[in-house]
Amino acid sequence: MQEKYLASEIERAAQNYWDTARSFYVNENSNKPKYYCLSMLPYPSGKLHMGHVRNYTIGDVISRHYRMRGFNVLQPMGWDAFGLPAENAAMQNNVPPAKWTYDNIAYMKHQLQSLGFALDWKRELATCDPEYYRWNQWFFLRMLEKGIAYKKTQIVNWDPVDQTVLANEQVIEGRGWRTGALVEKRELPGYYLAITKYADELLGALDDLPGWPERVKAMQANWIGRSTGVRFAFPYRIDGLASDKLWVYTTRADTLMGVTFCAVAAEHPLAAHAASHNPTLAEFIAECKRGSVMEADMATMEKKGMPTGLHVLHPITGAQIDVWVGNYVLMSYGDGAVMGVPAHDERDFAFAKKYGLPIKQVVAVENLEFSTDAWQEWYADKAAGRCVDSGKYDGLDSSAAIAAIAEDLRSMQLGEPQVHYRLRDWGVSRQRYWGCPIPLVHCETCGTVPVPDADLPVVLPQDCVPDGSGNPLAKREDFVNCSCPRCGKPARRETDTMDTFVDSSWYYARYCTPGADAMVDARTNYWMPVDQYIGGIEHAILHLLYSRFWTKAMRDLGLVSYDEPFKNLLTQGMVLNHIFSRRNAKGSIEYFAPEEVELKHDDGGRVLSAVAKRDGEPVEYGGVGTMSKSKRNGVDPQSLIEQYGADTARFFMMFAAPPEQTLEWSDTGVEGAFRFLRRVWAMGHQIQSSGIVAQLPATLSADLAATRREVHLLLRQANYDLTRFQFNTVASATMKMLNAIEKAPAGEGRGAVMTECFSILIRVLSPITPHICHALWCDLGYGDDVLAASWPEPVEAALKQDEETLVLQVNGKVRGSITVKVGAAKQTIEQVALDSEVAQKFLVGTSAKKVVVVPGRLVNIVV
RNA sequence: GCCACGGUGGAGAAAUCGGUAAACUCAGCAGACUUAAAAUCUGCCGGCCACCAGGCCUUGCGGGUUCAAGUCCCGCCCGUGGUACCA
């Protein structure tokens, strides 16, 4: 073996070995237990960034560890290849998204391979491949048949200059990112998937996912947002309107007697009716329709309203209630109308104060004074209050009042209790080119007709170049023009494509069944569910909820036999980097990569200002944020790999922080990871040249026994840390092992202790830095392939010790230590502590009030 | 705004059950080796007080529970992720 650590040579050799031996190609014919380890598939943005390296190294460490523990491990990889960035790149470089995407895939695949991940590449898939997305189309048609997919209108961000739909990401401060034009809300028809039909199951099944982080389950539960309340109506009679009821939903029916107004969404029929002969109101409604559709914008904007001049009747008292239009009422949520109870709802309170609407208290809490001057938390407290000034409901508590009022509404046929979800159905239509075509045909005679299964896939043309003004598919006559599958007459193809979350909702199942001429086949039931799923915390809600929904829909269509796709979930923390941007003259935003920017710091190291190196003009510092193509703040690991090797990059990534924690990028410390690997190599060389000693002598000197004990203790700790995926401390355990081996004292058996301890070190380190460990394992003659080695376990005999040291505290402060026999009785320990010189010093003129003994840890004397 | 998570030395971090705060590493400082540099090795490295012995303080801020709090409870501040068309 070479004396010097030559990373690139070692890595090439190890990768060649794995390729030749087909080490990571797996199948279902194994007598080992299966283990499906899956990392979220990357978007092929051009180059890997540090977030990818982190994600895939975590997955690889888990995969290799489980493999050495005797599992049949599947670890596949693929490409989330449809999406917006390809269209943006196309506009910038005049390259078709298809070419850009496939070029990126080729480059990034090469990068992944150079990192030495234990991937089964024969299962690779790209979601932009017609052989993949045909099954999106096929399944969409099945959902259409089952009524899970349906059509209704959706509200989108509209750029009036580019005449195009904008993604939320493309709306910055209410303006289109390219044009700077004020964004408008526009209604378009679109297809929805009825995820709300599964809301109860999606919520309930969270309890059956003990391997998911609590925080993710909490977020999903809140997102689904099940509530029980009452849906009821305010009756009205308004000339020119056929309907005679204004429906609302509330969880606080107990405050119904405090209603002083109603508010409807700008798109509500009552608003439209009132506006038809009220230009001021029409103008206000138009104003409500300006701005983006984002929830964060809706929630933070100033709450505004305008009276419609219409009124409805209180369902119980019959009193006239004014109807307002409110910019904060969402048509897409419930019935697009809400009751206003200013006394007991904080938002209604602010609204009433602003417009001088009456505030009527109907819930009181003993000893607390209600005042309309300022909002107080208890006004909305469901638990403490009782009804007042509410007629026959006076004195009832919240739940009794809700029950009584719901019953009265029911008897009047004006409402009933209802379970409500915050979750909305999943709108999947996108007015974009680079996505999976929705397999429908529009015929003047037959209406909307599904493309027959035999004609799937509807293939997306590969050579379009978007220009930012709408979907180029609509201009492609050869795509759009077709004949109706039903009547044969000329017809037009649907040009909307599917949300890319469709692509990623079932790819994990397709990995299991490469080459199947169905969506999936029986092999999926061998591998699924995924035993360990690893991906960014940013997917905690949407991707993970859609995948769970999709799995249940596939199950209900008889395609798979499992209920949940991901048994265990590890949510990786984001890798963050600094963000710099500038708004140009047109009002659009340009981002600068950190290396394109020069920083000025204050004395404390805080960023004061930044200028672009290119032109010396100032750029705005946007703080830190997740590495992304669009913000141009990704760091390419390539130079790291070239300079130090894949093992150093992998080790450093694992060492830097625990997987779930957010990581602010900095490359200081990479050098240290490299130094460590060089020392590991040097130790291997030293052991090899001084001769490998397999047999430990019958007895060891106390010093050597201590070295051996330390390494076995570290092994015990590392094994524990592996079970909880805390790889940073596994990495530091291997560093501590090396420190101990290097300091191994002279004496009989030194070679044997070093040989044994180093074999432990290599195996524990091998999932993190597989190349160097592969080389050392072979070169030192431990075996042919470290992948086939058994995972090390600490040896009890090596851990044994006769005495232990306990911390001695007086009044909770550390004052010294005592040494006792292992397993000594509490009374004995107490006596040793009290007799100690340190304790005696503190006991002069007083006595111990209490002595707390924590076995194996400490003694605390309270005086 | 709302939901979730986080905040520990100059930096990344560790501390498994409420039991020695800062393991391991980076940066820095001092030294050894060297003609020199690189590499390597050794020592120091939270703050204040002290001649030493040692003492006091310190886990974003303010309170609380406890023999004992980074860890548990209450109230704030700041940061990150998500917020349904970024993926």
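Below, chain A is the first sequence line, B the second, and so on; all start at residue 1. These values consider heavy atoms only, across backbone and side chains, with no hydrogens, waters or symmetry-generated copies.
- Looking at RNA chain B, the stems built from 3 or more consecutive Watson-Crick or G-U wobble pairs, each pair with its key distances under 3.5 Å, are B:1-7 with B:77-83, B:10-12 with B:24-26, B:28-32 with B:40-44, B:46-49 with B:54-57, B:60-64 with B:72-76.
- Here CG of A:Asn860 is found 7.0 Å from CG of A:Asn811. Values are rounded to the nearest 0.5 Å.
- To the nearest angstrom, C1' of B:C86 lies 12 Å from CE of A:Met574.
- Counting non-hydrogen atoms under 4.0 angstrom, A:Leu84 reaches the backbone sugars and phosphates but no base.
- In this structure, A:Trp223 forms no aromatic stack with the base of B:U83, since the conditions of centre separation below 5.5 Å and plane angle below 30° are not both met.
- Residue contacts shown for A:Ile861 are absent, as no nucleic acid heavy atom lies under 4.0 Å away.
- Within the nucleic acid shown, A:His539 comes within 4.0 Å of at least one base atom, counting heavy atoms only.
- Looking only at atom types and distance, the side chain of A:Tyr132 has a donor-acceptor partner in the side chain of A:Trp506 under 3.5 Å away.
- Rounded to whole angstrom, the span from the CZ atom of A:Phe676 across to the P atom of B:A13 amounts to 19 Å.
- Glycosidic conformation at B:G9 (O4'-C1'-N9-C4 for purines, O4'-C1'-N1-C2 for pyrimidines): syn, within 90° of 0.
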Distances under 3.5 Å between protein N/O atoms and the N/O atoms of nucleotides 40-46 of chain B, please, pair by pair.
from, atom 1, to, atom 2, distance (Å)
B:U40, OP1, A:Arg678, NH2, 2.8

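- Between A:Tyr421 atom OH and B:A84 atom C1' there is a gap of 18 Å when expressed in whole angstrom units.
- In this structure, the CD atom of A:Gln572 is 14 Å from the P atom of B:G81, given to the nearest Å.
- Residue A:Lys629 places no side-chain atom within donor-acceptor reach of the base of B:A87, judged by atom type and a 3.5 Å distance cut-off alone.
- Ring to ring, A:His420 and A:Tyr333 are close: their centroids are under 6.0 angstrom apart.
- Taking 3.5 Å as the limit, the base of B:C67 and the side chain of A:Gln809 contain no donor-acceptor pair of atoms between them.
- When distances are taken from the side chain of A:Asn860 to each of B:G19, B:A15, B:C85, the shortest belongs to B:G19.
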